Amino acid sequence: MIKEDCIFCRIANGEIPSAKVYEDDDVTAFLDLAPANRGHVLIVPKRHFSNALDFPCDLAPSVCLAVRKVAGALVSALNARGFNVFQNNGPAAGQTVFHIHWHVIPRFENDGLAMWPQGSYPSQEDMNELAEKIASAVK
Ligand code: 5GP
Ligand code: ZN
């Protein structure tokens, strides 16, 4: 399905240009307009899904393959020393384009990109209770 007012649907069907780096039947991959690092790529399914909760698992192998191909190219073409693969779901998580996509960001020694700060749990009991709450909601 294509959503007419969706920027990534329009990029995926060629209506809007992109700096494409990879494409197959299921996904397209192009440079992010506002890169976290030079070579930041977005992997975008050609069909419209909002986020990881409506994305069908049968398309996951195509995404996995695209991530590996693109990340390998960032390592070989840009001499990246590593890469981050992540995906935002919902505005609270920083999603701004509501067509699911994976960010693949090349990383270099001391490139200054920081991950978010990490916290801690007050006790092991609190942690166990939380794990149980989540586990009982898994469908
Ligand atoms: P999100 O915040 O939803 O995880 O990521 C959306 C990403 O899409 C952002 O990093 C943003 O820079 C990028 N982006 C938004 N509009 C366009 C566009 O029209 N073309 C390209 N190439 N990237 C875009
Ligand atoms: Zn879309």
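One-based numbering, in listed order, for ligands and for the atoms of each. Scope of the values below: all heavy atoms of this structure, side chains included, with no hydrogens, waters or symmetry mates. Computed from a predicted structure; not experimentally measured.
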Subject >> Angle in degrees, rounded to 10°, that ND1 of H99 and SG of C6 form at the Zn ion (ligand 2) >> reply: 100°

**OP:** Examine I105 and W102 and state if one hydrophobic cluster contains both, with Ile, Leu, Val, Met, Phe, Trp and Tyr joined whenever side-chain heavy atoms are less than 4.5 Å apart.
**Re:** no

Original post:
Which word best sums up how the rings of F86 and H103 line up, parallel for under 30°, tilted for 30 to 60°, or perpendicular for over 60°?
Top reply: parallel

Original post:
Under 3.5 Å, is there a donor-acceptor pair between the N128 and Q124 side chains?
Top reply: yes

Original post:
Taking C-beta and beyond as the side chain, do F30 and I11 meet within less than 4.5 Å on heavy atoms?
Top reply: yes

Subject >> Any side-chain heavy-atom pair of F108 and P106 under 4.5 Å >> reply: yes

**OP:** Measure centre to centre between the rings of H99 and F49, then say whether the value is under 6.0 Å.
**Re:** no

**OP:** Check whether any side-chain heavy atom of M115 sits under 4.5 Å from a side-chain heavy atom of N84, and report yes or no.
**Re:** yes

Original post:
Using a threshold of 4.0 angstrom between heavy atoms of the protein and any atom of ligand 1, which residues qualify?
Top reply: I7, F8, I11, F30, L31, D32, L33, A34, L42, N88, G94, Q95, T96, V97, H101, H103

Subject >> Angular separation of SG (C9) and ND1 (H48) seen from the Zn ion (ligand 2), to 10° >> reply: 110°

